[in-house]
Engineer: 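Below: one structure in structure tokens.
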Amino acid sequence: WVTTKLRDSEQGYDSARKAFDRQLGLLQLDYVDMYMLHWPTPFNWRSGETWKAFDEFRAEGRVRSLGVCNFLPEHLERLHKETGEYPAVNQIECHPLWNRKPLIAFCRSHGIAVQAYAPLARGLYLNREIMQQLAEKYVRTEAQIGLRYLIQQGISVIPKSTHPDRIFANADVFDFELSEADMALIDTMDEQLRSASIPDDLL
């Protein structure tokens with residue numbers, strides 16, 4: 001499964017088409033499984049501009065599905081109003097320190113899958129007492145507890161690591177289940193903490 005994104009600076013019909021052609025060439029592929037808008041920045045992603053190019057890529061068979069990243073409900077509603085559709089996926093920062101419950105509920109109510117980037121919050125919750133207690137209880141790492149918390153809500157996760165042992169550990173989260181009480185306990189950790197940077201024009 002291959003996903004790639006359009007840079008904010010390349011939004012617009014002509015620039016999006018040129019960018020996508022370049023990306024396919026670099027990837028040496030005939031198609032990608034998903035193409036995404038990276039941010040809902042104040043550029044042209046109206047139906048007559050960027051999304052029109054996206055829709056054409058899909059019609060041409062060069063993209064299987066269309067997604068967005070970092071869109072809030074108002075952005076998703078605007079996209080639907082201007083294009084008549086919601087994206088297949090909304091990729092957002094999501095983890096125990098920023099659980100995004102309202103946004104996730106909105107996405108689910110409109111058939112939009114949620115994918116979590118930075119699901120480990122750059123390691124910022126790994127030393128929290130609650131996570132340490134649960135790691136000991138389930139004989140797992142704090143990272144595995146955090147990833148399982150998201151997966152158990154039906155959220156796909158894309159943790160980043162360059163260490164093979166951590167990559168394998170991050171994938172080893174499908175043979176245990178957190179109790180409802182422990183899921184609720186992790187919910188209490190939410191402090192709307194953003195660990196990733198955002199474009200200056202969205203500040």
Engineer: To the nearest 0.5 Å, what is the distance between CE on Met131 and CG on Leu126?
Structural biologist: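 Result: 7.5 Å between the selected atoms.
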Engineer: For Pro119 and Ile158, work out which heavy atoms get closest and say how close.
Structural biologist: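 Nearest pair, atom of Pro119 first, then Ile158: CD-O, 3.8 Å.
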Engineer: Report whether Ile151 and Phe176 are members of the same hydrophobic cluster (ILVMFWY, side-chain heavy atoms less than 4.5 Å apart, transitive linking).
Structural biologist: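 Cluster IDs for Ile151 and Phe176 match.
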Engineer: Between the main-chain N or O of Asp165 and the side-chain N or O of His163, is there a donor-acceptor pair closer than 3.5 Å?
Structural biologist: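 No; judged by distance alone, with no hydrogens or angles, the pair does not exist.
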Engineer: Looking at Ala135 and Thr141, what are the two nearest heavy atoms and their distance?
Structural biologist: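 Reported closest heavy-atom pair: CB-C, 3.9 Å.
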Engineer: Can you tell whether the side chains of Glu82 and Lys52 come within less than 4.0 Å, N to carboxylate O?
Structural biologist: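 The answer is no: the pair does not qualify as a salt bridge.
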Engineer: In terms of hydrophobic clusters joined by side-chain contacts under 4.5 Å, are Ile167 and Leu147 together?
Structural biologist: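 Each belongs to a different hydrophobic cluster.
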Engineer: Checking Arg100 side chain against Ile92 main chain: does a donor-acceptor pair fall under 3.5 Å?
Structural biologist: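 Looks like no, no N/O pair under 3.5 Å.
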Engineer: Looking at side-chain heavy atoms only, is the closest gap between Asn70 and Tyr117 below 4.5 Å?
Structural biologist: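 Asn70 vs Tyr117: side chains touch.
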Engineer: Supply the atom-to-atom distance Thr4 OG1 to Leu26 CG, rounded to the nearest 0.5 angstrom.
Structural biologist: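 Output value for this atom pair is 9.0 Å.
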Engineer: Keeping Gln91 on the side-chain end and Val68 on the backbone end, is there a donor-acceptor pair under 3.5 Å?
Structural biologist: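 No, because the side chain of Gln91 does not come within donor-acceptor range (under 3.5 Å) of the backbone of Val68.
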Engineer: Is it true that Arg128 and Glu191 make a salt bridge, defined as a side-chain N closer than 4.0 Å to a carboxylate O?
Structural biologist: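 Answer for the salt bridge query: yes.
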Engineer: Taking the cut-offs as 6.0 angstrom to the six-membered ring centre and 45 degrees off its axis, would you call Arg62 and Phe20 a cation-pi pair?
Structural biologist: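 Not flagged: Arg62 not positioned over aromatic ring of Phe20.
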Engineer: Would you confirm whether Gln23, through its side chain, and Lys5, through its main-chain N or O, come within 3.5 Å as a donor-acceptor pair?
Structural biologist: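 Such a contact is found between Gln23 side chain and Lys5 backbone.
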Engineer: Under a 4.0 Å threshold between the charged nitrogen and the carboxylate oxygen, would Asp187 count as salt-bridged to Lys101?
Structural biologist: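 Asp187 and Lys101: salt-bridged.
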Engineer: Compare every heavy atom of Ala169 with every heavy atom of Gln144, then report the nearest pair and how far apart it is.
Structural biologist: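 Nearest pair, atom of Gln144 first, then Ala169: NE2-O, 3.0 Å.
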Engineer: Say whether, by atom type as modelled, one donor and one acceptor occur between the side chain of Ser65 and the main chain of Tyr35 under 3.5 angstrom.
Structural biologist: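 Flag not set: sc Ser65 to bb Tyr35 has no pair under 3.5 Å.
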Engineer: Considering residues, nucleotides and ligands other than Gln132, do more than 12 of their heavy atoms fall under 6.0 Å from its CD?
Structural biologist: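 Enclosed: over 12 neighbouring heavy atoms sit under 6.0 Å from CD of Gln132.
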Engineer: Under a 4.0 Å N-O cut-off, is there an ion pair linking Asp175 with Arg140?
Structural biologist: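 A salt bridge links Asp175 with Arg140.
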Engineer: Look at Asp172 together with Arg166 and state whether they make a salt bridge at an N to O cut-off of under 4.0 Å.
Structural biologist: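 Arg166 and Asp172: not salt-bridged.
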Engineer: Under a 3.5 Å threshold, yes or no: a donor from one side chain and an acceptor from the other, between Tyr13 and Glu56?
Structural biologist: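 Short answer, yes.
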Engineer: Should Leu120 and Phe174 be regarded as members of a common hydrophobic cluster, given that ILVMFWY residues are connected when their side-chain heavy atoms come within less than 4.5 Å of each other, either directly or indirectly?
Structural biologist: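 Result: yes, single cluster for both.
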Engineer: Using modelled atom types and a 3.5 Å cut-off, is there a donor and acceptor pairing between side-chain atoms of Asn99 and backbone atoms of Asp190?
Structural biologist: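 Here the side-chain-to-backbone pair does not exist.
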Engineer: So, applying ring pair (Phe, Tyr, Trp, His ring centres under 6.0 Å) with His80, which one of Trp51, Phe71, Tyr86 is it?
Structural biologist: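 Running ring pair (Phe, Tyr, Trp, His ring centres under 6.0 Å) over Trp51, Phe71, Tyr86 with His80 returns exactly one hit, Tyr86.
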Engineer: Between the side chain of Gln152 and the main-chain N/O of Tyr149, is any donor-acceptor distance below 3.5 Å?
Structural biologist: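 The answer is no, because no donor-acceptor pair under 3.5 Å joins these two groups.
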Engineer: Are any of the side-chain heavy atoms of Cys94 and Val114 separated by less than 4.5 Å?
Structural biologist: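 When only atoms from C-beta onward are counted, Val114 and Cys94 do not touch, as no gap falls below 4.5 Å.
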Engineer: Any donor-acceptor pair under 3.5 Å linking the side chain of Glu93 with the backbone of Ala196?
Structural biologist: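 Flag set: sc Glu93 to bb Ala196 pair under 3.5 Å.
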Engineer: Counting distance only, does the side-chain N/O of Thr50 pair as donor-acceptor with the main-chain N or O of Gln11 below 3.5 Å?
Structural biologist: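 No.
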Engineer: State whether a side-chain donor-acceptor pair under 3.5 Å links Glu129 with Gln133.
Structural biologist: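 Yes, side-chain donor-acceptor contact under 3.5 Å.
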Engineer: Spell out, yes or no, whether Leu66 and Tyr31 are grouped together once hydrophobic residues are joined by side-chain heavy atoms under 4.5 Å, including indirect joins.
Structural biologist: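 The answer is no; the residues belong to distinct hydrophobic clusters.
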Engineer: What I want to check is whether the side chains of His75 and Glu77 have a donor and an acceptor closer together than 3.5 Å.
Structural biologist: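 Absent: no donor and acceptor within the cut-off.
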Engineer: Please answer: with hydrophobic residues joined when any side-chain heavy atoms are less than 4.5 Å apart, are Phe57 and Leu29 in the same cluster?
Structural biologist: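 Shared cluster, yes.
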Engineer: Heavy-atom distance under 4.5 Å between the side chains of Ile112 and Val89, does that happen here?
Structural biologist: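 They are not in side-chain contact.
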Engineer: Measure across Ile104 and Ile155 and return the closest heavy-atom pair with its distance rounded to 0.1 Å.
Structural biologist: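 Between these two residues, the closest heavy atoms are CD1-CD1, 3.5 Å.
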Engineer: Among His38, Arg17, Arg22, whose side-chain hydrogen bond (donor to acceptor under 3.5 Å, both in side chains) with Glu10 holds?
Structural biologist: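 Answer after filtering His38, Arg17, Arg22: Arg22.
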